[in-house]
There are 2 protein chains.
Amino acid sequence: MPPNADLEALRKAQIIDAALRTIAERGCANVTMDDICKAAGLSKGGLAHYYRSKDDLFKAAFQEFFQRIFLRGEQTMSTFSDPLDQLLSFEWLYNPEDPDVETGYPILYDFMAIAVHDAEYREIFSDWINSWVRLLKSAIERGQSQGRFTNVKSEPAARAISAIYQGMATRWYLARGEHPAAWAIDSMKRAVIGLLGSFDKSGS
Amino acid sequence: MPPNADLEALRKAQIIDAALRTIAERGCANVTMDDICKAAGLSKGGLAHYYRSKDDLFKAAFQEFFQRIFLRGEQTMSTFSDPLDQLLSFEWLYNPEDPDVETGYPILYDFMAIAVHDAEYREIFSDWINSWVRLLKSAIERGQSQGRFTNVKSEPAARAISAIYQGMATRWYLARGEHPAAWAIDSMKRAVIGLLGSFDKSGS
DNA sequence: ATCTATAAACCGACCAGTCGGTATATAATG
DNA sequence: CATTATATACCGACTGGTCGGTTTATAGAT
């Protein structure tokens with residue numbers, strides 16, 4: 001019905017993109033609507049036409065971000081077939097050349113800091129984690145159907161693995177001097193493999 | 001010379017305390033100097049007498065915070081004697097009743113979000129991590145002198161363990177519904193024990 | 001002509017930092 | 001001891017600027 005539905009989609013994509021770039025570069029707290037307008041090549045009024053408020057825009061931007069990153073992980077994982085290889089396919093998380101990574105952590109850390117004080121943001125975070133967990137869980141279960149990883153329960157183990165990825169990432173991103181990518185990758189693999197081989201099945 | 005050197009220390013402690021409480025409650029982005037003044041029972045001018053700027057105050061508050069938390073961990077760890085017990089002595093990180101914990105994560109996440117865009121903050125973070133690493137490393141090495149943990153190198157393993165703690169904590173704190181304390185503790189232990197038993201010594 | 005898209009100007013709330021001033025405490029002086 | 005001088009501690013009104021949001025104006029499409 002809208003005369004140009006394509007234009008709206010295009011503009012919204014432009015705006016979200018500009019918002020994510022700007023947030024990544026300067027951090028939520030230091031980003032103004034003007035900054036985003038300029039980055040998007042629009043005026044204040046133009047932007048307001050598509051997003052009512054800053055909150056609105058940020059929420060939409062974060063949603064888009066999470067979807068993008070998840071898709072990225074899903075696709076990378078699908079290039080492997082062995083379950084363990086899949087579970088260890090997240091080296092890209094520690095690749096500084098990767099544009100998703102470069103912008104991703106600033107956005108993620110900003111998001112989490114807000115989520116601490118905002119239930120709706122926590123909900124989004126939970127959903128995101130849950131989609132990672134589904135992905136990892138299915139890999140673990142495929143392994144278990146081959147008689148591997150039999151000492152763990154798939155879901156808690158999947159959650160633990162996803163937490164391990166992020167734990168290493170935080171160190172690598174914020175204190176890279178002492179935590180180079182090689183450390184992150186090696187540690188991630190040791191922790192994941194160690195966890196999958198853990199003996200007592202009662203918990204994970 | 002100063003008429004009351006104690007007063008200055010007292011006031012500064014009051015202010016820092018008020019700042020940390022307020023930041024934990026509402027998040028850096030939503031905290032005004034007025035908020036902190038009120039929480040500290042001082043006027044704007046009174047506060048300005050002790051801290052030149054908001055930046056100044058925040059930096060001092062974060063420093064105090066990191067020191068406090070580290071002391072807490074160090075003390076808890078020292079109540080155990082077996083190296084592995086010491087390395088697993090961080091269950092308190094996932095105790096919602098603990099006041100340090102309750103205020104700690106909001107502050108830490110806020111801090112990290114700022115650190116992404118501020119080298120000085122990253123420096124503080126690095127130093128903090130390094131002090132944890134020294135602590136954990138010495139426990140690992142005491143274990144190694146007893147012929148245990150022989151498949152890992154102490155420092156990278158210490159860094160990995162510290163990252164694991166935090167990875168689990170993030171899930172527990174932001175998505176506790178699906179990541180209860182029991183999950184966090186169990187996962188942390190499995191990952192740490194698994195990592196310490198990992199086979200190839202080349203990395204960790 | 002009407003409706004959408006976009007721009008430009010504007011408004012009002014908010015807030016960090018400043019500044020003139022007051023009160024209090026110590027020190028110096030007679 | 002009394003008085004003055006001086007430094008510290010603290011207050012709260014004010015300012016200058018920022019920023020989110022709104023309103024008004026204009027251009028283009030149907």
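Distance K12(B) NZ to dA9(D) P: 10 Å, rounded to the nearest Å. Per the geometry, CG belonging to L10(B) stands 18 Å off P belonging to dT8(D), to the nearest Å. The OH atom of Y50(A) sits 8 Å away from the C1' atom of dT6(C) (whole-angstrom rounding). Between the CG atom of L47(A) and the P atom of dA5(C) there is a distance of 14 Å, rounded to whole Å.
Remark: Y109(A) pairs with no residue by the ring pair (Phe, Tyr, Trp, His ring centres under 6.0 Å) rule, at least two apart or across chains. With sequence neighbours left out, R142(B) forms a side chain to side chain contact (heavy atoms under 4.5 Å, CB included) with P83(B), Q86(B). F65(B) meets the ring pair (Phe, Tyr, Trp, His ring centres under 6.0 Å) test with no other residue; sequence neighbours excluded. Listed by chain and number, the residues in a ring pair (Phe, Tyr, Trp, His ring centres under 6.0 Å) with F66(B) are F111(B), W128(B) (sequence neighbours excluded). With sequence neighbours excluded, the residues satisfying ring pair (Phe, Tyr, Trp, His ring centres under 6.0 Å) with F70(A) are W132(A). Take S138(B) and apply the side chain to side chain contact (heavy atoms under 4.5 Å, CB included) test, not counting sequence neighbours, and it matches no residue.
Considering only side-chain N and O atoms, H49(A) lies under 4.0 angstrom from the phosphate OP1 or OP2 of dA5(C).
Heavy-atom distances under 4.0 Å link DNA chain D to V31(A), T32(A), M33(A), K44(A) of residues 15-46 of chain A, given in residue order. The stretch residues 51-63 of chain A touches DNA chain D through S53(A), K54(A), each having a heavy atom within less than 4.0 Å of the strand.
Looking at heavy atoms from C-beta onward, V152(B) lies in side-chain contact with R190(A) at the 4.5 angstrom threshold.
Residue pairs meeting the side-chain hydrogen bond (donor to acceptor under 3.5 Å, both in side chains) criterion with at least one member in residues 73-82 of chain A, sequence neighbours excluded, are D82(A)-R148(A).
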